[in-house]
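Below is one structure, written out as structure tokens, with a few remarks after it.
Proteins get letters first, then strands, A, B, ... in listed order; numbering begins at 1 in each. Worth knowing before you read on, the calculation uses all heavy atoms, side chains too, and leaves out hydrogens, waters and symmetry mates.
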There are 2 protein chains.
Amino acid sequence: MKEFLSALPPKPSPVVEPGQNGNPGEFNVGVIGLDHGHILGMCSGLRDAGAAIVLVFDRDTEKAAAFAKQFGAHIARSEEEVLSAKNIHMIASAAVPCMRGPLGIRAMQAGKDYFVDKTPFTTKAQIAQARAVCRETGRRYFCYFSERLHSEAGVLAGYLIDAGVIGQVLQVDGFGPHRIGDPASRPEWFWKKRESGGILCDIGSHQIEQFLFYTKAVNASVVSARIANYAHPHAPEFEDFGDAMLTADNGATNYYRVDWFTAKGLSSWGDGRTILLGTDGHMELRKFVNLAASGEDKRGEMVLWADEDGEHRICAQGLTGFPFFGQMILDCLCRTERAMTQKHIFTAAELCIACEEKAAVVEGSGILPVYA
Amino acid sequence: MKEFLSALPPKPSPVVEPGQNGNPGEFNVGVIGLDHGHILGMCSGLRDAGAAIVLVFDRDTEKAAAFAKQFGAHIARSEEEVLSAKNIHMIASAAVPCMRGPLGIRAMQAGKDYFVDKTPFTTKAQIAQARAVCRETGRRYFCYFSERLHSEAGVLAGYLIDAGVIGQVLQVDGFGPHRIGDPASRPEWFWKKRESGGILCDIGSHQIEQFLFYTKAVNASVVSARIANYAHPHAPEFEDFGDAMLTADNGATNYYRVDWFTAKGLSSWGDGRTILLGTDGHMELRKFVNLAASGEDKRGEMVLWADEDGEHRICAQGLTGFPFFGQMILDCLCRTERAMTQKHIFTAAELCIACEEKAAVVEGSGILPVYA
């Protein structure tokens, strides 16, 4: 164990110099669309890797002002002002999901690389267009799959799997429960399938990305998928439950379940888990909370596994940092694919939409108000 | 929590008087077929509930002698001697899976109730015949679904769910990994699908029984199922991996995965888990080991959940006992259905066979030696 920990890659340092006193630096980001709170994680990650967040636009001027203050950015008067700013390398966005693809097209056509919140697309047509525009412009379309990229347990698991501790990964199981909170606090688009993409496409995208990554699969097919609306009859398009089985081209399998049923009493927004079955062991990630544990064990970012030698656990907090952000910046500056390949992102996006397309609505009895 | 614990049903006491000095008692059991070690758990449970294990037959006379010594039973010279013994109420068996159904027919036709290891059947034709013979003879066909019935975490979860702590159960996820151990130590039938029933039918039967029980479902349908042989090419019929999705008639859903990949270093034969998603919370059972925990937390039989009020955990060891066995004895003596209904047993058995019938073989690349 000690040997392994001392062989971990070093925690990432900034890869570029940020600008001083609100001035642009070596890698500058303009932000358009603050609809999802993930934009804060996206920009914090970028800033920690040395990027400067220089310009922001949102139709909600109050939101834009708060964001500008937090990141030392200037407020733009229009999307166009951000897209055309000469010193900006990357456009980052957490717009409403159905707007993310079209904005990415505009960003790439304006000569910028693009970094968008998950889910990166809501239709296959959007992906086809983005693929074409990537080819034409040579620009990148990155996605913030935060449940792996911004989780030290997720990063550590990648290192452990590469080190072969559980052998070849045969299956990835993902549980992505979320807290819905006060329904009145949710924006209109949250309840509309065409705008959010649906549960398998939206929060399911994390799960599929992890499956592909941990199994080193190039592609996969959707075997089966289900969606349901068990408890939100006021929003007939809303899916509060979804699950799916996928099989990868290399024979590895996946199951994932996503839902909006996190209980009020949980000390986190969701008891997200990843369970990996390998030929030589199994591994579990308890990313956000270690359910009902006490003391130090209560922390999330727990990685637990059993292998040939015994049972092990590591709390990954402070251990790995988040190498994705610096790698992405270097990919943009050097036109490489260190952070992740463009193909991987489009494949994950396609598969989560394929899940929605294939999903059967769970037929319930009168007991459960199922959306049909 | 204290209130809830004080309201638990009392731990079960013996329901009948066992015979003294090797004599028959109020409820007497004859045993035929010691092929699976589960027979020890079955008979311990019966004995703790007051039954006398009076007679045993197995073609392996050494095995029969060891069993007879352990349970104070007499050794019979033939199956027929056990079936025709006048003082015997119940035949218990852990014969090779494909022999369990036919033996049950003979037992019921001999006027005995029957208690068989899981999986209770390996073909649908066997179930149809057992249904008919149950009707004709009025005898019962019980099954040892040990992962719920002989697990205090499993029993406690039933009480908690009945008390409504997580609301209505929307989904049950079951993980049933097993250790294969030294392949040479496994009998021939273990590797033959027609004899073992296959992984979804055999160890999958536990999972389906739990799904039906915890969701209070009457029936379910198989949505999708997969089987694979990733790592045992010497036994081309063997399935070392299987999983399935089921949907119940009341709208609840199930996913389960079973496999033979428990690592050497795990301190248990399998990190069996049950994860229950409810409308008002979620619950997890860590039945056999609390992976990589230390001290007291290391024990299995852990029940953890989050509800409206917070996060909770109980180690169920010593808390509930195993009420199934006494209930089953009383069902036999009083012709009631306290332990479980006959319909529930047959439904679980049918569904696990339906999973095998529906299962697609995982198509793998050259990397994974997949059975096809």
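- The contact between B:D259 and chain A is made entirely by side chain atoms (from C-beta outward), counting heavy-atom distances below 4.5 Å.
- With a 4.5 Å cut-off on side-chain heavy atoms, B:W305 and A:L266 do not count as touching.
- Using a 4.5 Å cut-off between heavy atoms, B:S294 contacts chain A through both its backbone and its side chain.
- Ranked by heavy-atom pairs under 4.5 Å with chain B, the list A:H282, A:R257, A:E284, A:K264 is led by A:R257.
- Here B:L291 is the residue among B:I166, B:L304, B:L291 with the most heavy-atom pairs under 4.5 Å with chain A.
- Side-chain contact check for A:F175 versus B:I275: some heavy-atom pair is nearer than 4.5 Å.
- Taking every heavy atom of both residues into account, B:G281 and A:A263 meet most closely at CA-CB, 3.7 Å.
- Note: A:Q171 leads A:R273, A:Q171, A:M302 in heavy-atom pairs under 4.5 Å with chain B.
- Using the six-membered ring where Trp is involved, B:Y255 and A:Y255 have ring planes that are parallel, under 30° apart on the 30 and 60° scheme.
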- Item | Trace of the side chain to side chain contact (heavy atoms under 4.5 Å, CB included) decision for B:D280 with A:F261 | CA-CA 7 Å; B:D280 304 323; A:F261 285 103; over 6 Å; no
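- Of all the listed residues (A:A306, A:G278, A:A360), the one sharing the greatest number of non-hydrogen pairs under 4.5 Å with chain B is A:A306.
- For B:R179, no part lies under 4.5 angstrom from a heavy atom of chain A.
- Side chain of A:R226 to main chain of B:V223: no donor-acceptor pair is present (N/O by atom type, distance under 3.5 Å, no hydrogens or angles).
- Between A:M245 and B:D243, the closest heavy-atom pair is CE-OD1, 3.6 Å.
- Heavy atoms of A:K216 lying under 4.5 Å from chain B are absent altogether.
- Atoms CD and CG, on B:E311 and A:N290 in that order, are 9.0 Å from each other to the nearest 0.5 Å.
- By number of non-hydrogen pairs under 4.5 angstrom with chain A, the leading residue of B:T262, B:D173, B:D297 is B:D173.
- The choice from B:L277, B:V289, B:D309 that makes the most heavy-atom pairs within less than 4.5 Å of chain A is B:L277.
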